[in-house]
2 protein chains.
Amino acid sequence: MTFNRWGTPDESKPLSPSVVRLLRTALGIQQEQTPGDAEADVVLSEVRLTEADIAALGALVGPGYVTCEYAHRRGRARGKSYPDLLDWHTKKTIDAPDAVIAPGTEEEVLSVLEYCSEADIAVIPFGGGTSVVGGLTPVSGGHRAVLSLDLTRFDKLEDVDAESGLATFGAGMFGPQAELELAKHNLQLGHFPQSFPYATIGGYAATRSSGQHSAGYGRFDEMVHALTVVTPTGILQLGGDSPASAAGPDLRELFLGSEGTLGVITRVRCRVHPVPEAKRYEAFRFPNFEAGARAVRLVAQHGTGPSMIRLSDEIETSLNLSSPDGMAGGAATSGCLCLTMFEGTPEHAAARHDETRKLLLEAGGTSLGEGPVRAWERGRFGAPVFRDALLDVAGVCETLETATTWANIHRLKTAVGRALATSLTKHGTMAVVMCHISHVYATGCSLYFTVVAKQSEHAHEQWAAAKRAASEAIVAHGGTITHHHAIGTDHRPYMQSEIDPLAVTILRTVKNTLDPAGILNPGKLIP
Amino acid sequence: MTFNRWGTPDESKPLSPSVVRLLRTALGIQQEQTPGDAEADVVLSEVRLTEADIAALGALVGPGYVTCEYAHRRGRARGKSYPDLLDWHTKKTIDAPDAVIAPGTEEEVLSVLEYCSEADIAVIPFGGGTSVVGGLTPVSGGHRAVLSLDLTRFDKLEDVDAESGLATFGAGMFGPQAELELAKHNLQLGHFPQSFPYATIGGYAATRSSGQHSAGYGRFDEMVHALTVVTPTGILQLGGDSPASAAGPDLRELFLGSEGTLGVITRVRCRVHPVPEAKRYEAFRFPNFEAGARAVRLVAQHGTGPSMIRLSDEIETSLNLSSPDGMAGGAATSGCLCLTMFEGTPEHAAARHDETRKLLLEAGGTSLGEGPVRAWERGRFGAPVFRDALLDVAGVCETLETATTWANIHRLKTAVGRALATSLTKHGTMAVVMCHISHVYATGCSLYFTVVAKQSEHAHEQWAAAKRAASEAIVAHGGTITHHHAIGTDHRPYMQSEIDPLAVTILRTVKNTLDPAGILNPGKLIP
């Protein structure tokens, strides 16, 4: 990915004249488009590692696999949150990791962690670099330097057991690469988060990623059979062949979501499944979000079986989805758009489709045919570049998400939407806040918010205030601080409300045991 | 339950004359039936607590809620494994907990744990007393006495959120009591382990229980939203309202399966669902276990949706299920019997049934109609009393279980079956070893073995050797040491093979943090 934008340069898209007009009218965004220069000559922080360090690290992994080169450091200095991207637009000097290292084996990772523990160097594991919660900010935590530990050499599909539906991946394999390798066996993971083109298997595991087909295939943490984790204290093998076990606590769950603070995930054994023979698509319109949410809840609770189901609120439906060139072809200019997909054998997909559509129609939905779902599928990974285009015209564009019980979603949605709008208005800018449900469970669902506004003079403070207001509303109204974006640095202030104080003590104790020098991702996740 | 048998006295059933004949012919079991006397005057170990201890404990919970009475101590001295039951037949003195305490609030549990930490008293949390892995053996672990902590006063359905499908239970609620309370709201848990009539909600959570409808409703650990756990260091609230979260490690998974060694589970918030409107039943016959296992695998991997599916091997089919008065009505005297159930709305159950039966018939099954499934459903909780009847004629009767990947089940099944038969033959006794699959996953399944043999002169050693042989075969052939019976004392020697040495260190570290005096269930679970 380009260091200061989402995606590769050829993915970049300027805003259409109609969108520019809309932004001007609705939000007062006036600025001319000034696309960020991918080759901009940003100044990076001074390298704090010595030549002796680099030589010593080179001796551990091979001299070609450690570097202080500008482009490598710059490419690993930030993730892809709005504040991360804003830094490239606003800051003269960017703090970057002092070096990048790419070990090739678990033993090499262990020796790097041992060296860094001894030599007082913080280590930030790096997969695809798609964090949107400050997960890659090079916080030193008082250590004398920061090393970015790149996992891309762990890039093999190591084994496939087609009969059991299991495959073992190197943690550095990218989503598309994993799917291409699996396709040779007529298998797939079926895990498609929006970051899919650039995210890695290890990143999925370390952050509890959730894909757009979570209704059908589950969250990534649910797919994981076994993990290899390298800690400064040693190499851990967690989980085995058994699909389930009652042999005590499940320690995989201590490392899933650990975001590189307890160890470096190097290998993941996952559930895979045959490439579906058939896919079916149908979109529905509901008169309002309440009716749509009730219908989606019934689908989840009756287990009618879509592999994907999502529901946009009225604002998202009207802004994103109903423009003549948009995905609903103008069919859903009012109400709420609901998209569904069904996968499997032709009979399986048809049966699930029939049962689901019957329920959605009975619950007040109107069919819009398959067009809107196919349009969504084509553009499903494309949304993040819109954010860069908005930044180019000095717009705010960011997303945040939570989840709660079905009984609580409207209260939570109202509170978060109001908190965002109120905070941005205080900074003198109008805001559009959209929301959708994209992950459903029998007991509740996620709420995913997209915010668009005009940047104020103090853009960092403007968003920090809005994010704080939203986070406090989430905490106060029974939501989780993150359903699938993870904690990083941005959500860390809210971990103390999210988990019990004694649970924090447990996490710190485990961290101290595995990483006594505290070098792994300091300042992230654990409060 | 009767202290020395499964169930209540009126559940007790003598063996039928035809079974006695079969046992005599096939296994040489000759002894006349001598039903164990439930009122037998067993001698218990001396009480090691002082009057001052009892007074102090009584001051914490109320004097009526702590006792050293014979019947109370005897009723909590053992679980219900074959070696546990054998103890009542063979030992003159039974080591029992020194006292039984029944706190009524979490604060009282905390004060009891604080007192015991200070006063050097081991604590064994006690729910329904159904452990079949030595989970209740009163091991003192070097402490000066043992206190059985009875949770039956945590017996309330505390809240119900029917819209979200969530309910909060006191950990001491028994399965049937929970279902009766939920039925008032037209809801159910749908969790039916064989221990259902006598097991508690807290026990389900502490041991990662798996119910006979796990295909439809999941394992119990998958149903848990939130837990309250009292440790000697404080009270922990784990999990919240959100159906899923990416906020770091999932610490519920540290306490699920912790078997009272890390804390006392006092409250559990679980997923519940509407009482199904319709149930459908169909049994199938497969020519052999391989064909049946393949068919059951396809059902799990295609997600055709039975709420219950199980497959007996040839021996179990012929012995247990095909007698003229047995469940298959003589229809499956050869081959393997497969039972299926479907639940939900009438349309949902019918669609799942149609898709599943089509697949099973294509995979070589022959329909046997619904009779065998209905017969199984009637007798589903009745099997354990057969074990007592066998003990009364000096028979061995025990079960053990494991799980592995689909690709590995035949290798594992053969190895465990052979290990059991070889070991028992060495002790001069013929053995019948039966096996069934009763929990299926996309990637693998459980294997549940039932062993029947004649007791040798050294009955304890005979079974210990057989169990050791089976456990070593499980470890050597890629199975988990337990899929749903838990670890207790019986499986503890195999934990070191089951989990990584560094994982053991993590468990010990967490234990030391929460229970620094080491009073909670010493000698259990953690190696």
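A note on names: the letters A, B, ... follow the listed sequences, proteins ahead of strands, and every chain is numbered from 1. In what follows, every heavy atom counts, from backbone to side chain, and hydrogens, waters and symmetry copies are set aside. Model, not experiment: these values are computed from the prediction.
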So which of [options] has the largest heavy-atom pair count under 4.5 angstrom toward chain A?
options: P249(B), A162(B), G240(B), P501(B); value: P249(B)
options: R271(B), H348(B), Q237(B), E401(B); value: H348(B)
options: N512(B), I499(B), L507(B), I526(B); value: L507(B)
options: G478(B), G303(B), G165(B), A351(B); value: G303(B)

Worksheet item: For residues 220-238 of chain A, which residue pairs qualify under salt bridge (Lys or Arg N to Asp or Glu O under 4.0 Å), counting only residues two or more places apart or in two chains?
Response: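 Non-adjacent pairs meeting salt bridge (Lys or Arg N to Asp or Glu O under 4.0 Å): R208(A)-D221(A), R219(A)-D221(A).
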
For the interface with chain B, which of [options] has the highest count of heavy-atom pairs at distances below 4.5 Å?
options: A300(A), G305(A), A244(A), S209(A); result: A244(A)
options: T443(A), T233(A), L262(A), I235(A); result: T443(A)
options: G234(A), G248(A), G444(A); result: G248(A)

Structural part of [X] lying under 4.5 Å from a heavy atom of chain B:
X: L166(A); answer: side chain
X: E498(A); answer: side chain
X: T207(A); answer: backbone
X: H302(A); answer: both

Below 4.5 Å from any heavy atom of chain A, which atoms of [X] appear? Answer side chain, backbone, both or neither.
X: L502(B); result: both
X: R294(B); result: neither
X: D161(B); result: side chain
X: H491(B); result: neither
X: T345(B); result: side chain
X: I409(B); result: neither

Discussion item. Can you see whether S307(A) engages E343(A) through a side-chain donor-acceptor pair at a distance of less than 3.5 angstrom?
Written reply: yes

Worksheet item: In terms of side-chain heavy atoms, does T480(A) have a donor or acceptor partner in S245(B) at a distance below 3.5 Å?
Response: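 The answer is yes; a qualifying pair exists.
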
Worksheet item: What do the steps show when you test H483(A) against S210(A) for side chain to side chain contact (heavy atoms under 4.5 Å, CB included), and what is the final call?
Response: CA-CA 8 Å; H483(A) 169 269; S210(A) 199; 3.8 Å; yes

Discussion item. Sort by residue number and list every residue of residues 250-260 of chain B having at least one heavy atom under 4.5 Å from chain A.
Written reply: D250(B), L251(B), E253(B), L254(B), F255(B), L256(B), G257(B), S258(B), E259(B)

Contact between [X] and [Y] at the side-chain level, heavy atoms closer than 4.5 Å - yes or no?
X: L525(B); Y: M495(B); value: yes
X: V296(A); Y: V299(A); value: no
X: D241(A); Y: N408(B); value: no

Worksheet item: What is the ring orientation for H485(B) with Y448(B), classed by angle as parallel under 30°, tilted 30 to 60°, or perpendicular over 60°?
Response: perpendicular

Item to complete: For atom CZ of R508(B), decide whether the heavy atoms of other residues, nucleotides or ligands shown that lie under 6.0 angstrom number more than 12.
Response: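 More than 12 within 6.0 Å, yes.
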
Discussion item. So which atom in A278(B) and which in P346(B) form the shortest heavy-atom distance, rounded to 0.1 Å?
Written reply: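 What the structure gives for the nearest pair is CB-CA, 3.7 Å.
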
Practice prompt. Before giving the answer on ring pair (Phe, Tyr, Trp, His ring centres under 6.0 Å), spell out for H484(B) and H439(B) the whole-Å C-alpha distance, their side-chain angles and the decisive distance to 0.1 Å.
Written response: CA-CA 10 Å; H484(B) 61 273; H439(B) 302 278; 4.9 Å; yes

Practice prompt. Mind running side chain to side chain contact (heavy atoms under 4.5 Å, CB included) on V229(B) and T231(B) for me, showing each step along the way?
Written response: CA-CA 6 Å; V229(B) 185; T231(B) 78; 4.2 Å; yes

Discussion item. Would the distance check show the side chain of K524(B) and the main-chain N or O of T489(B) forming a donor-acceptor pair, the cut-off being under 3.5 Å?
Written reply: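 No; judged by distance alone, with no hydrogens or angles, the pair does not exist.
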
Worksheet item: So, K358(A) and E362(A), do they make that salt bridge, N to O below 4.0 Å?
Response: yes

